[in-house]
Undergrad: 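Got a structure for you, written out below as structure tokens; questions coming shortly.
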Amino acid sequence: MKWGGAAVTVLLVLVWVGSGWADFGWISAGSSMCYNLGSGGVSVCHDTRIYSPRLCTTGWHFKPKVFWFDLWFRNLPSPFGGWYLRAPLWPVALIALFGTAGAWRLDRLARRARLNMCPKCNYDRAGLVAGVVCPECGAAIASGRLRAGP
């Protein structure tokens, strides 16, 4: 889980940063819909005037641009009738980052408990009696977590 979360987080950050340099999306003239990934977010819009078959080429598009990020949500009415909804990618990447960091932390704590190490300083506590504090850092030992040394 921790490696999968790390891969997803890296992928989201790469897509987020890469979308600052280019727009990639789909324009559908039949339904006047536009789906776009660019400027650090994803957007969906519906505008009958701008995305009509007479004014715009339909299909996939890729446009390099000057580096720019749109950092917040937008829900705008179109002056020509329709709507525009935009959501940034950074909150999704941030949630993935915190989830991955939590998974790595829990894995590290579980490994220390499995190897009978102090969760605070990583000292090997094999052979210590119940109720004694860690000789390295002074952290209290949970009585249920002690086991005999090798």
Side-chain angles (χ1 to χ4, degrees), residues 1-28 30-47 50-51 56-78 82-150:
M1 176 148 165
K2 67 178 186 174
W3 287 107
V8 167
T9 302
V10 168
L11 181 65
L12 282 170
V13 168
L14 289 175
V15 168
W16 177 56
V17 171
S19 70
W21 278 290
D23 283 334
F24 183 74
W26 170 263
I27 299 172
S28 171
S31 64
S32 302
M33 295 294 293
C34 172
Y35 309 96
N36 193 45
L37 170 66
S39 302
V42 293
S43 59
V44 177
C45 56
H46 174 72
D47 196 329
I50 293 175
Y51 296 109
C56 198
T57 306
T58 62
W60 293 102
H61 68 273
F62 174 78
K63 296 185 290 186
K65 62 179 183 164
V66 176
F67 186 73
W68 182 73
F69 280 114
D70 189 12
L71 296 176
W72 206 242
F73 296 89
R74 288 190 194 179
N75 185 6
L76 304 171
S78 172
W83 47 269
Y84 174 81
L85 179 64
R86 177 160 194 75
L89 289 174
W90 67 264
V92 178
L94 196 62
I95 290 169
L97 176 69
F98 285 138
T100 301
W104 280 84
R105 171 85 174 138
L106 289 174
D107 181 63
R108 190 176 82 210
L109 291 174
R111 182 177 299 124
R112 284 183 181 178
R114 194 171 49 246
L115 297 175
N116 198 25
M117 298 174 131
C118 177
K120 188 173 180 184
C121 69
N122 212 21
Y123 180 79
D124 184 8
R125 300 189 310 188
L128 294 179
V129 296
V132 70
V133 296
C134 175
E136 187 72 25
C137 69
I141 297 173
S143 61
R145 295 179 58 193
L146 279 179
R147 66 172 193 192

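Both backbone and side-chain heavy atoms feed into the values below; hydrogens, waters and symmetry mates do not.
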Undergrad: Which pairs pass salt bridge (Lys or Arg N to Asp or Glu O under 4.0 Å) with one or both residues in residues 6-18, sequence neighbours excluded?
TA: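 Counting only pairs at least two positions apart or across chains, no salt bridge (Lys or Arg N to Asp or Glu O under 4.0 Å) contact touches residues 6-18.
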Undergrad: Just jot down the side chain to side chain donor-acceptor pair (under 3.5 Å) partners of K2, sequence neighbours excluded, or say none.
TA: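 Expected list: D107.
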Undergrad: Mind jotting down which residue pairs meet the salt bridge (Lys or Arg N to Asp or Glu O under 4.0 Å) criterion with at least one end in residues 8-18? Sequence neighbours excluded, please.
TA: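 Applying salt bridge (Lys or Arg N to Asp or Glu O under 4.0 Å) to every pair that reaches into residues 8-18, excluding sequence neighbours, yields nothing.
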Undergrad: Filter on salt bridge (Lys or Arg N to Asp or Glu O under 4.0 Å), then keep only pairs touching residues 82-99, sequence neighbours left out; what's left?
TA: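 Non-adjacent pairs meeting salt bridge (Lys or Arg N to Asp or Glu O under 4.0 Å): D70-R86.
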Undergrad: Can you tell me how far the CZ atom of R105 sits from the CZ atom of R108, to the nearest 0.5 Å?
TA: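 Going from the CZ atom of R105 to the CZ atom of R108 covers 4.5 Å.
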Undergrad: Just distance, no hydrogens or angles: give the donor-acceptor pairs under 3.5 Å from side chains in residues 89-102, sequence neighbours left out.
TA:
unit_1: W90; atom_1: NE1; unit_2: L71; atom_2: O; d: 2.6
unit_1: T100; atom_1: OG1; unit_2: G5; atom_2: O; d: 3.0
unit_1: T100; atom_1: OG1; unit_2: T9; atom_2: OG1; d: 3.2
unit_1: T100; atom_1: OG1; unit_2: A96; atom_2: O; d: 2.8

Undergrad: Quick check for you: to the nearest 0.5 Å, what is the distance between W3 atom CH2 and W104 atom CH2?
TA: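 If I round to the nearest 0.5 Å, the distance is 3.5 Å.
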Undergrad: Which atoms form the tightest heavy-atom contact between C137 and C118, and what is the distance?
TA: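 Reported closest heavy-atom pair: SG-SG, 3.6 Å.
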Undergrad: Work out which heavy atom in G40 is nearest to a heavy atom in W16; give both atom names and the distance.
TA: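 What the structure gives for the nearest pair is O-CD1, 3.3 Å.
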Undergrad: Which residues pass the side-chain contact (heavy atoms from CB on, under 4.5 Å) test with V8, sequence neighbours left out?
TA: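 For V8 the side-chain contact (heavy atoms from CB on, under 4.5 Å) partners, ignoring immediate neighbours, are L12.
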Undergrad: Going from CZ on R125 to CD on E136, what distance comes out if it is rounded to the nearest 0.5 angstrom?
TA: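 If I round to the nearest 0.5 Å, the distance is 12.0 Å.
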Undergrad: Is the closest side-chain heavy-atom distance between W26 and C34 below 4.5 Å?
TA: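 Answer no - side chains too far apart.
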